[in-house]
Novice: 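One structure follows; several queries about it will come next.
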Amino acid sequence: MVEKILVVDDEPEIADLVELYLNGENYVVRKFYSATEAMNCINEEELDLAILDVMMPDISGLQICKEIRKNNTYPVIMLTAKSEELDKITGLTLGADDYITKPFLPLELVARVKAQLRRYKRYNNTDKNNEDIIVHGELTINIRTHECMMNDERLNLTPTEFSILRILCQRKGEVISSEDLFHEIWGDEYYSKASNTITVHIRHLREKMKDSFESPKYIKTVWGCGYKIEG
């Protein structure tokens with residue numbers, strides 16, 4: 001099945017260039033220089049991804065993104081100018097999946113499109129009732145094969161690191177103490193070392209996931225209680 005991509009930019013030279021490169025990758029492109037016309041396409045056609053310019057003269061790309069998210073889950077990539085840092089944050093808050101700053105290399109945009117479509121397909125093809133697969137944001141865990149993918153890249157985890165991440169993902173939203181994690185992985189052995197042992201493994205996990213200690217996106221520390229992954 002050929003993917004259909006919406007491109008909205010009031011600068012014809014940019015929209016035409018994006019269309020050219022996407023057509024070169026065999027994508028079907030629905031291109032609009034007007035946000036009003038694009039809104040009709042959003043409501044009438046099944047799309048696989050949208051590329052939206054933030055600054056449009058009639059309706060902003062942010063508003064289009066908001067409209068898309070009312071009924072659709074396909075990826076949205078925002079095109080922004082260097083000075084529009086606040087718009088990037090707003091776009092991500094409204095449901096955009098990625099953004100790219102103008103001027104950009106067309107091949108970089110194509111690479112971003114491919115990455116977003118791969119991630120979206122993997123998420124939607126996952127059987128939600130299949131307990132062997134856990135999907136959380138950009139993270140996919142296969143319990144049966146002991147594989148963990150993040151941003152389309154395999155994480156090289158030790159069995160212990162994998163077990164910790166699996167437990168936290170299976171119990172999303174719960175705060176799990178070091179002792180509980182230790183018991184679930186090793187039983188009652190060496191109970192007195194539980195806290196330090198888990199702390200070390202959590203640190204290694206964060207490093208491999210490139211997850212900030214100060215502002216973690218995934219594994220969060222609840223001081224005095226344990227760890228959790230937000231639901």
Side-chain angles (χ1 to χ4, degrees), residues 49 69 72-77 88-99 111-112 114-231:
L49 184 142
R69 282 293 171 257
N72 303 281
T73 59
Y74 54 77
V76 174
I77 298 176
K88 296 175 186 177
I89 298 170
T90 304
L92 294 172
T93 302
L94 291 174
D97 299 277
D98 198 2
Y99 64 84
R112 301 275 191 99
K114 289 181 177 180
Q116 289 296 334
L117 287 172
R118 280 197 304 270
R119 190 174 302 128
Y120 180 64
K121 283 182 180 178
R122 186 173 68 236
Y123 177 83
N124 284 278
N125 289 336
T126 298
D127 180 359
K128 301 302 189 297
N129 295 318
N130 185 350
E131 295 181 354
D132 288 339
I133 303 292
I134 302 173
V135 177
H136 180 69
E138 297 158 344
L139 191 67
T140 302
I141 299 173
N142 189 318
I143 297 173
R144 182 174 54 81
T145 62
H146 266 236
E147 293 177 321
C148 182
M149 302 289 291
M150 186 172 187
N151 289 320
D152 298 316
E153 295 182 6
R154 189 185 306 276
L155 294 180
N156 185 22
L157 305 182
T158 67
T160 299
E161 290 164 357
F162 183 91
S163 295
I164 291 172
L165 190 57
R166 170 185 59 79
I167 293 166
L168 290 173
C169 284
Q170 285 177 325
R171 296 169 62 180
K172 281 186 291 189
E174 287 185 47
V175 178
I176 307 174
S177 69
S178 297
E179 290 76 13
D180 286 344
L181 283 169
F182 194 92
H183 281 310
E184 192 157 343
I185 296 169
W186 290 287
D188 290 328
E189 281 188 282
Y190 312 114
Y191 174 76
S192 62
K193 298 181 180 179
S195 182
N196 289 339
T197 301
I198 295 298
T199 299
V200 171
H201 287 298
I202 292 286
R203 186 176 76 244
H204 291 164
L205 259 176
R206 283 175 171 153
E207 289 171 356
K208 292 180 179 181
M209 296 170 71
K210 297 180 174 60
D211 205 14
S212 165
F213 174 79
E214 292 78 16
S215 302
K217 180 179 178 181
Y218 286 95
I219 303 174
K220 299 187 177 181
T221 300
V222 181
W223 297 108
C225 299
Y227 304 92
K228 74 172 180 175
I229 284 181
E230 297 284 7

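Throughout, residue positions are numbered sequentially from 1 according to the sequence presented.
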Novice: I'd like to know if the side chain of Arg206 reaches the main chain of Met209, judged simply by a donor and an acceptor atom lying under 3.5 Å from each other, with no hydrogens or angles considered.
Specialist: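 Not a single qualifying donor-acceptor pair exists.
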Novice: Output the distance between atom CD (Glu147) and atom CG (Leu155), rounded to the nearest 0.5 Å.
Specialist: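 Atom-to-atom, Glu147:CD and Leu155:CG are 11.0 Å apart.
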Novice: Within the structure provided, determine whether Ile176 and Glu184 are in side-chain contact (heavy-atom separation under 4.5 Å).
Specialist: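 SC-SC contact between Ile176 and Glu184 ruled out.
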Novice: Using 0.5 Å steps for rounding, measure from the CG atom of Leu168 to the CG atom of Leu181.
Specialist: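 One finds 5.5 Å between CG of Leu168 and CG of Leu181.
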Novice: Which residue pairs pass the ring-ring contact (aromatic ring centres under 6.0 Å, His included) test when at least one of the two sits in residues 140-177, sequence neighbours left out?
Specialist: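 For residues 140-177: His146-Phe162.
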Novice: State whether Lys217 and Glu138 are salt-bridged, where the test is any N-O pair (Lys NZ or Arg NE/NH1/NH2 against Asp/Glu carboxylate O) under 4.0 Å.
Specialist: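 Salt bridge flag = yes for Glu138 with Lys217.
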Novice: Between atom CE of Met149 and atom CG of Asn142, what is the distance when rounded to the nearest 0.5 Å?
Specialist: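 Taking CE in Met149 and CG in Asn142, the distance rounds to 11.0 Å.
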Novice: I'd like to know if the side chain of Asp211 reaches the main chain of Ile219, judged simply by a donor and an acceptor atom lying under 3.5 Å from each other, with no hydrogens or angles considered.
Specialist: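 Confirmed, Asp211 side chain pairs with Ile219 backbone.
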Novice: With a 6.0 Å cut-off (strictly less than), is the heavy-atom count around CD of Glu153, excluding the residue itself, greater than 12?
Specialist: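 Incorrect, the count does not exceed 12.
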Novice: Step by step, would you call Asp180 with Tyr227 a side-chain contact (heavy atoms from CB on, under 4.5 Å)?
Specialist: CA-CA 10 Å; Asp180 286 344; Tyr227 304 92; over 6 Å; no
Novice: I need the Ser177 OG to Lys228 NZ distance, nearest 0.5 Å.
Specialist: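 One gets 14.5 Å once the value is rounded to the nearest 0.5 Å.
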Novice: How many angstroms lie between atom CD1 of Ile77 and atom CZ of Arg112, to the nearest 0.5 angstrom?
Specialist: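 One finds 7.5 Å between CD1 of Ile77 and CZ of Arg112.
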Novice: Locate the shortest heavy-atom distance separating Cys148 from Ile141; write the atom from each residue and the value.
Specialist: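 Looking at all heavy atoms of both residues, the closest pair is SG-CG1, 4.0 Å.
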Novice: What closest approach, in Å, do Asn156 and Lys208 show between heavy atoms, and which atom pair accounts for it?
Specialist: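 For Asn156 versus Lys208, the nearest heavy atoms are O-NZ, 2.8 Å.
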Novice: Could you report the tightest heavy-atom contact between Ile229 and His136, atom names first, then the distance?
Specialist: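 Taking every non-hydrogen atom into account, CG2-NE2, 3.3 Å.
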Novice: Compare all side-chain heavy atoms of Leu139 with those of Leu165 and state whether any distance is below 4.5 angstrom.
Specialist: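 Sidechains of Leu165 and Leu139: in contact.
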Novice: Are side-chain heavy atoms of Gln170 and Ile143 found at a separation under 4.5 Å?
Specialist: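 The answer is yes; the side chains approach within 4.5 Å.
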Novice: Give, for atom CD1 of Ile164 and atom NE2 of His201, the distance between the pair rounded to the nearest 0.5 Å.
Specialist: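 With rounding to 0.5 Å, CD1 (Ile164) is 5.5 Å from NE2 (His201).
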Novice: For Val175 and Cys225, which heavy atoms make the closest approach, and how far apart are they?
Specialist: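 Answer, listing the atom of Val175 first, then Cys225: CG1-CB, 3.7 Å.
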Novice: Take Val76 and Arg69, measure what side-chain contact (heavy atoms from CB on, under 4.5 Å) needs, and give me the verdict at the end.
Specialist: CA-CA 9 Å; Val76 174; Arg69 282 293 171 257; 3.6 Å; yes
